[in-house]
**Student:** 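Got a structure for you, questions after.
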Amino acid sequence: MNIEVWSDFMCPFCYIGKRRLENVLEQFPHRDKVKLQFKSFELDPNAEVNSGKTNTEYLSSKYNITEEQARGMNAQMNANARTAGLEYNIDAMIPTNSFAAHRLTHWADTQGKALELSERLFKAIFIEGKHAGDHKVLADLAQEVGLDRDAAAAVLSSDEFTENVRADQAEGAQLGIQGVPFFVLDRKFAVSGAQPDEVFLNALQKAWDEHSPFTIVESADATTDGGVCTDEGCEIPPNKPSN
């Protein structure tokens, strides 16, 4: 089974969705026959590489809210991440342009290290507060996952793999993808957003068992809609009511 994952490194729900899928795959009896493939999606292609803003300032400006309200949004996102076993420090996140990170990941794919680099990038951005638009930082992260640092730096200083990123984006547009994360399973089923574990498990089983048209798989519980990011921002899903 092939699972294509459209995501952006600036999308906090993309790391959460990635981890939820991985957690569910650990329980899936056919895990060894599942291949993950990450696809590029830019939430804001025009984002500045060096905005000089903190994440709190960025959110405050983007949504025209106070910085206190922005910190509240960050606290909610940190709490959401913990449900997937991730300890976000999203206040420390550095807003930047993700295009270089996407290009580098495509290069890493040619070296058999795309999954490792994707994981390292997400951790660096949302947990460690590293600047993922800085070429030096990106080259260092590539080296940490076993890639040649000089080769990574050479890719970053060129325009290599630009067409690969654009091809992913065009393919996503053809599929009607407007927000991320977006998971496509064997081109039969799709999961939109960082859905609860049972949704991923259901989709995996359906994709494994059936040959059917491309279908969006969603939660039956309206109170557990998966978090998703669009170019207008990230919407926090409502919490389940307590019993």
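Residues take their numbers from the sequence shown, with the count starting at 1. Atoms considered below: every heavy atom in the structure, side chains included; atoms not considered: hydrogens, waters and symmetry mates. Predicted, not measured: the structure shown is a model, and the values here were computed from it.
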**Student:** State the CD-CG distance between Gln37 and Leu115, to the nearest 0.5 angstrom.
**Tutor:** 9.5 Å
**Student:** Does any N or O in the side chain of Asp109 come within less than 3.5 Å of the main-chain N or O of Ala114, such that one atom is a donor and the other an acceptor?
**Tutor:** no
**Student:** Between Arg71 and Asp91 (salt bridge meaning N to carboxylate O under 4.0 Å), is one present in this structure?
**Tutor:**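 Asp91 and Arg71: not salt-bridged.
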**Student:** Locate the shortest heavy-atom distance separating Lys130 from Val137; write the atom from each residue and the value.
**Tutor:** CB-CG1, 4.2 Å
**Student:** Which heavy atom of Met10 sits nearest to which heavy atom of Ile125, and what is that distance?
**Tutor:**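 Looks like CE-CD1, 3.7 Å.
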**Student:** Carefully, step by step, assess Thr96 and His131 under the rule side-chain contact (heavy atoms from CB on, under 4.5 Å).
**Tutor:** CA-CA 7 Å; Thr96 188; His131 193 330; 3.3 Å; yes
**Student:** Would you give the length of the straight line joining atom CZ of Phe122 to atom CD of Glu128, rounded to the nearest 0.5 angstrom?
**Tutor:**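 The CZ atom of Phe122 sits 14.0 Å away from the CD atom of Glu128.
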**Student:** Is there side-chain contact between Phe182 and Lys39, with heavy atoms separated by less than 4.5 Å?
**Tutor:** no
**Student:** For a side-chain contact (heavy atoms from CB on, under 4.5 Å) check, start with the C-alpha distance between Arg187 and Leu175, then their side-chain angles and the critical distance, and finish with the verdict.
**Tutor:** CA-CA 10 Å; Arg187 294 296 172 104; Leu175 291 174; 4.0 Å; yes
**Student:** Can Lys53 and Glu48 be counted as an ion pair, charged N to O under 4.0 angstrom?
**Tutor:** no
**Student:** State, with a plain yes or no, whether a side-chain heavy atom of Met93 is found less than 4.5 Å away from one of Thr54.
**Tutor:**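 Heavy-atom side-chain distance check fails, nothing below 4.5 Å.
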**Student:** Starting from Leu36, can I reach Leu201 by hopping between I/L/V/M/F/W/Y residues whose side chains sit under 4.5 Å apart?
**Tutor:**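 Result: yes, single cluster for both.
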**Student:** How about CD on Gln69, more than 12 heavy atoms from neighbouring residues, nucleotides or ligands closer than 6.0 Å, or not?
**Tutor:**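 Check passes, neighbour count above 12.
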**Student:** Is there side-chain contact between Tyr88 and Ile16, with at least one heavy-atom pair below 4.5 Å?
**Tutor:** yes
**Student:** Do Pro12 and Cys229 have side chains that get closer than 4.5 Å, going by heavy atoms?
**Tutor:** yes
**Student:** Determine whether a donor-acceptor pair (N or O, by modelled atom type, separation under 3.5 Å) exists between the side chain of Asn78 and the backbone of Ile90.
**Tutor:**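 It does hold such a pair.
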**Student:** Applying side-chain contact (heavy atoms from CB on, under 4.5 Å) to Leu156 and Lys136, what does each step give before you reach the verdict?
**Tutor:** CA-CA 9 Å; Leu156 290 165; Lys136 180 181 182 302; over 6 Å; no
**Student:** Write down the atom of Leu185, the atom of Met1, and the distance for their closest heavy-atom approach.
**Tutor:**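 Taking Leu185 first and Met1 second, the nearest heavy atoms are CD2-SD, 4.2 Å.
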**Student:** Show the nearest heavy-atom pair for residues Leu138 and Ala100, with the distance to one decimal.
**Tutor:**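 Smallest interatomic distance, heavy atoms only, reads CD1-CB, 3.8 Å.
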**Student:** Establish, from distance only, whether the side-chain atoms of His106 and Ser40 form a donor-acceptor pair under 3.5 Å.
**Tutor:**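 Looking only at side-chain atoms, Ser40 and His106 do form a donor-acceptor pair, the distance falling under 3.5 Å.
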**Student:** Go through Cys234 and Cys11 one step at a time and tell me if the disulfide bond (SG atoms under 2.5 Å apart) criterion holds.
**Tutor:** CA-CA 8 Å; Cys234 298; Cys11 163; 5.1 Å; no
**Student:** Before giving the answer on ring-ring contact (aromatic ring centres under 6.0 Å, His included), spell out for Phe183 and Phe200 the whole-Å C-alpha distance, their side-chain angles and the decisive distance to 0.1 Å.
**Tutor:** CA-CA 9 Å; Phe183 307 83; Phe200 281 115; 4.9 Å; yes
**Student:** Please say yes or no: joined through hydrophobic side-chain contacts below 4.5 Å, possibly via intermediate residues, are Val5 and Leu204 part of one cluster?
**Tutor:** yes
**Student:** Are there more than 12 heavy atoms of other residues, nucleotides or ligands under 6.0 Å from atom NZ of Lys62?
**Tutor:** yes
**Student:** Nearest 0.5 angstrom please: Leu86 CG to Met77 CE, how far?
**Tutor:**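 The CG atom of Leu86 sits 12.0 Å away from the CE atom of Met77.
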**Student:** Can we say Glu87 and Arg19 salt-bridge, meaning some charged N sits less than 4.0 Å from an Asp/Glu carboxylate O?
**Tutor:** no
**Student:** Can you name the nearest heavy-atom pair linking Arg20 to Asn80, along with the distance?
**Tutor:**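 Scanning both residues, the minimum pair turns out to be NH2-OD1, 3.4 Å.
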**Student:** Do you know the tightest heavy-atom contact between Phe99 and Glu42?
**Tutor:** CB-OE2, 3.5 Å
**Student:** How many angstroms lie between CG in Asn55 and CZ in Phe126, if you round to the nearest 0.5 Å?
**Tutor:**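 Going from CG on Asn55 over to CZ on Phe126, the span is 8.5 Å.
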**Student:** Would you sort out whether Glu22 and Lys18 count as a salt bridge (charged side-chain N to carboxylate O under 4.0 Å, His left out), showing the intermediate values?
**Tutor:** CA-CA 6 Å; Glu22 290 168 344; Lys18 174 180 181 292; 2.7 Å; yes
**Student:** When you group the ILVMFWY residues by side-chain heavy-atom contacts below 4.5 Å and let the links chain together, are Val191 and Val24 in the same group?
**Tutor:** yes
**Student:** Taking the side chain as every heavy atom from C-beta outward, state whether Glu4 and Phe38 have any atom pair closer than 4.5 Å.
**Tutor:**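 Result no, sub-4.5 Å side-chain heavy-atom pair not found.
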**Student:** With a 3.5 Å distance limit and no angle check, can you tell me whether Arg149 reaches the backbone of Ala152 through a side-chain donor-acceptor pair?
**Tutor:** no
**Student:** Check whether more than 12 heavy atoms from other residues, nucleotides or ligands sit under 6.0 Å from atom CG of Asp32, and answer yes or no.
**Tutor:**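 Count over threshold, so yes.
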**Student:** Side-chain contact, heavy-atom cut-off 4.5 Å: Gln169 with Trp6?
**Tutor:** no
**Student:** If the plane angle is over 60° it's perpendicular, under 30° parallel, otherwise tilted; pick one for His102 and Phe9.
**Tutor:**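 Tilted.
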**Student:** Within a strict 4.5 Å, meaning less than it, do heavy atoms of the Glu160 and Trp107 side chains meet?
**Tutor:**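 No, side chains not in contact.
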**Student:** How about Val184 and Phe189: do any of their side-chain heavy atoms sit closer than 4.5 Å?
**Tutor:** no
**Student:** Taking the side chain from Asp186 and the backbone from Lys188, do they hold a donor-acceptor pair closer than 3.5 Å?
**Tutor:** no
**Student:** Inspect the contact between Arg120 and Glu144 and indicate whether a charged nitrogen and a carboxylate oxygen are less than 4.0 angstrom apart.
**Tutor:** yes
**Student:** Are more than 12 heavy atoms from other residues, nucleotides or ligands located less than 6.0 Å from atom CD of Glu163?
**Tutor:**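 No - once you tally the heavy atoms of other residues, nucleotides and ligands closer than 6.0 Å, there are 12 at most.
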**Student:** Under 4.5 Å between side-chain heavy atoms, hopping through other hydrophobics if needed: is there a path connecting Tyr58 to Ile127?
**Tutor:** no
**Student:** I'd like to know if Val199 and Val228 are part of one continuous hydrophobic network [Ile/Leu/Val/Met/Phe/Trp/Tyr, side-chain heavy atoms within less than 4.5 Å].
**Tutor:** no
**Student:** Looking at Ser61 and Glu57, would you say the former's side chain and the latter's main chain have a donor-acceptor pair under 3.5 Å?
**Tutor:**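 No.
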**Student:** Rounded to the nearest 0.5 Å, how far apart are CG of Leu147 and CG of Leu104?
**Tutor:**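 Here the interatomic distance stands at 7.5 Å.
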**Student:** When rounded to the nearest 0.5 angstrom, what distance separates CG in Leu121 from OG1 in Thr105?
**Tutor:** 5.0 Å
